[in-house]
Amino acid sequence: MLISMLGIAKSFPGIQALKQVDFELASGEVHVLLGENGAGKSTLMKILAGILAPDAGEIYLSGEKISPRSLLEAQRLGISMVLQEFNLAPDLSVAENLVLLNRPEGKLLGLVSARAMEDESGKIFDRLGIKLDPGRTVRELSVAEKQLVEIAKALSFSARVIIMDEPTAALADEEVLRLFRIIGELKGRGIGVVYISHRLEEIFRIGDRATVLRDGEKIATVSLKDTGRDELIRLMVGRELGEFYPKEPVAPGEVILEGRGLCAGDGRIEDLSFSLRRGEVLGLAGLQGAGRTELGRAIFGALPLEAGEILFQGAPVKIKSPEQAITMGICYLSEDRKEDGLFLDQSAGFNLTISQLRGLLRLGLISSQRESSAVSLLFDQLNIHPPAPEREAQTFSGGNQQKLCLARWWGIKPEVLILDEPTRGIDVGAKVEIHRLVGQFVKNRGAVILISSELPELIGVCDRIIVLSEGRSAGELSRPDFSQERILALAVPSRPHI
């Protein structure tokens, strides 16, 4: 066995993150690590990668006991981890990032040969079939290109084990296929791959075995060719999920928000019109770069309109800032909760009440009693765990961080919620809860615009779907006409590129 982890335990203040967990990885195997957010997946792999030290347990690499105490030490043993938050120096070149810690010597003592670095990087890219200029600055790269650099960096250490934590969370379909091809090549060379993902449709395509964690304990290790999707979900959440997309029929009301001939973002949105009714979930589908996020941000006042008009509750409005949109009752949930959604180093309570400070005033000062009551209510309504509002937001799992973002708007009772990739990177249990909250919101006569790259989510949750292609509406589908094939057929650009 390439990797054997035996009896791994790890605790943090007030939390037992891992409880005597065993895990094995064979050479040339893709072993998927599954579980809800907070189950202990990333903690277990950070221990293997030397980022965290275990409280108990042993690790063996090809039968030899190891105790990596840093990321660099693990890399030199042949164990590399591609983190969700890339560990790259943005102002250095691709070549410098690849060989920064394993760099070839220059001709003069103490100097680094730029030519040697680029040659070494080129060899690694050739092995992976990647076409990328080693001289480009990392800051200029797309998310997909940065991920390729991370994988190439791992191979620069002659990696025998590569851990990938949610590698496809921000990738388009064609980029996902390229990643799968690279994983297949790594597997063929005998490299063991640990793959952490919440996307069940992916793991059956590339995985050999799966280990399921729940609440810090190992529940089972199964062969993926012999295990179905429903069984994996049951193992992860400890219960049957009879309805993955809980949706109650709601009769739509009057039009609350309308856009006419909208243009924004220097051509990223062109002559786009839509309407949204109370009690309705309107989906925005389309390929990456189709203009979905730009439309959401333009409605929210975060991206200036260049042409067209917006009507709110039947009257024309000019939304020039997010503050104005929020005051009107239009709120936007960003697709990147860590970059735009949360104050990560502030408490969960702070993150929840920052949007409703005026309602917490008493005699001109924040009432601690009102604040505590508001926070407790939101934690209860959105089922946020752990119920610890004093903890920093960054210490919560991905799913509960997303609930914190949603709860911030929930507390001010908006009329319209614009949700941009609300379930990206969260587990199946948290997804069901987000979908339930969306249903509850529209049942109470709110209205939702849902932007998602997951077609099953759009089909399961929405009442209508507008498909965007190159900044324009390519078509609109009502619920009886929903299908992945129809959405994709509309999403693919039909106009020739000039």
Side-chain angles (χ1 to χ4, degrees), residues 171-177 201 245 247 249-300 303 305-312 330 332-333 335 416-424 435 438-439 442 447-498:
L171 299 187
D173 290 344
E174 64 272 14
E175 294 163 342
V176 171
L177 292 175
E201 67 276 9
Y245 300 104
K247 183 171 179 63
V250 177
E254 72 277 12
V255 173
I256 185 173
L257 184 68
E258 187 176 359
R260 297 177 180 173
L262 303 183
C263 298
D266 295 325
R268 286 174 287 176
I269 294 293
E270 297 184 44
D271 193 25
L272 205 154
S273 300
F274 73 92
S275 64
L276 176 68
R277 296 179 176 275
R278 288 190 182 275
E280 181 181 47
V281 181
L282 174 65
L284 295 183
L287 303 178
Q288 190 175 46
R292 299 168 302 167
T293 291
E294 287 79 7
L295 177 59
R297 289 173 60 82
I299 297 169
F300 188 56
L303 186 68
L305 277 183
E306 296 158 2
E309 67 173 349
I310 293 175
L311 289 80
F312 183 65
I330 301 173
Y332 172 75
L333 187 72
E335 63 178 332
V416 174
L417 274 175
I418 304 170
L419 305 179
D420 197 346
E421 302 287 4
T423 63
R424 172 181 285 169
H435 297 152
V438 168
V442 296
V448 171
I449 295 177
L450 176 63
I451 303 168
S452 178
S453 299
E454 296 191 27
L455 297 186
E457 178 172 64
L458 290 170
I459 291 170
V461 174
C462 296
D463 299 290
R464 287 185 297 129
I465 297 174
I466 295 175
V467 184
L468 303 188
S469 179
E470 298 184 326
R472 297 174 179 269
S473 173
E476 180 180 313
L477 300 173
S478 58
R479 194 163 181 83
D481 299 323
F482 287 175
S483 75
Q484 294 194 41
E485 292 76 15
R486 288 187 179 184
I487 294 171
L488 287 172
L490 290 170
V492 175
S494 57
R495 294 182 300 165
H497 291 277
I498 299 175

Check: S275 and R464 side chains under 4.5 Å, non-hydrogen atoms: yes
With R297, which residues qualify under side-chain contact (heavy atoms from CB on, under 4.5 Å), at least two apart? T293, A302, L303, Y332
What's the separation between atom CD in E270 and atom CG in L262, rounded to the nearest 0.5 Å? 12.0 Å
Which pair of heavy atoms, one from E294 and one from G291, lies closest together, and at what distance? OE1-CA, 3.1 Å
Any chance you could measure L276, atom CG, to I299, atom CD1, to the nearest 0.5 Å? 8.5 Å
Between CG on residue D266 and CD on residue E306, distance to nearest 0.5 Å: 5.0 Å
If you look at every heavy atom in V281 and V461, which pair is closest and at what distance? CB-O, 3.8 Å
Could you check whether any side-chain heavy atom of L311 comes within less than 4.5 Å of a side-chain heavy atom of V255, counting everything from C-beta outward? no
Report yes if some heavy atom in the side chain of L455 is under 4.5 Å from a heavy atom in the side chain of L488; otherwise report no. yes
Within the structure provided, determine whether L419 and V448 are in side-chain contact (heavy-atom separation under 4.5 Å). yes
Considering all heavy atoms, the nearest I459-S483 contact: CD1-C, 3.9 Å
E335 vs I451 side-chain heavy atoms within contact, under 4.5 Å: no
Between CD of E280 and CG of L257, what distance do you get to the nearest 0.5 Å? 11.0 Å
All heavy atoms of A491 vs all of S469, minimum pair found to be O-OG, 3.3 Å
I487 vs I465 side-chain heavy atoms within contact, under 4.5 Å: yes
Donor-acceptor under 3.5 Å (R278 side chain, V442 main chain): no
d(I418 CD1, L284 CG) to nearest 0.5 Å is 9.0 Å
Using a 4.5 Å cut-off on heavy atoms from C-beta on, say whether the side chain of P456 contacts that of Q484. yes
I need the R472 CZ to S273 OG distance, nearest 0.5 Å. 11.0 Å
Could you tell me whether a side-chain N or O of S452 sits under 3.5 Å from a main-chain N or O of E421, the two making a donor and an acceptor? no
Over all atoms of both residues, closest heavy-atom pair of F274 and I449: CE1-CD1, 4.3 Å
Counting distance only, does the side-chain N/O of R479 pair as donor-acceptor with the main-chain N or O of C462 below 3.5 Å? yes
For L458 and G283, the nearest pair of non-hydrogen atoms, with its separation, is CD2-CA, 4.0 Å
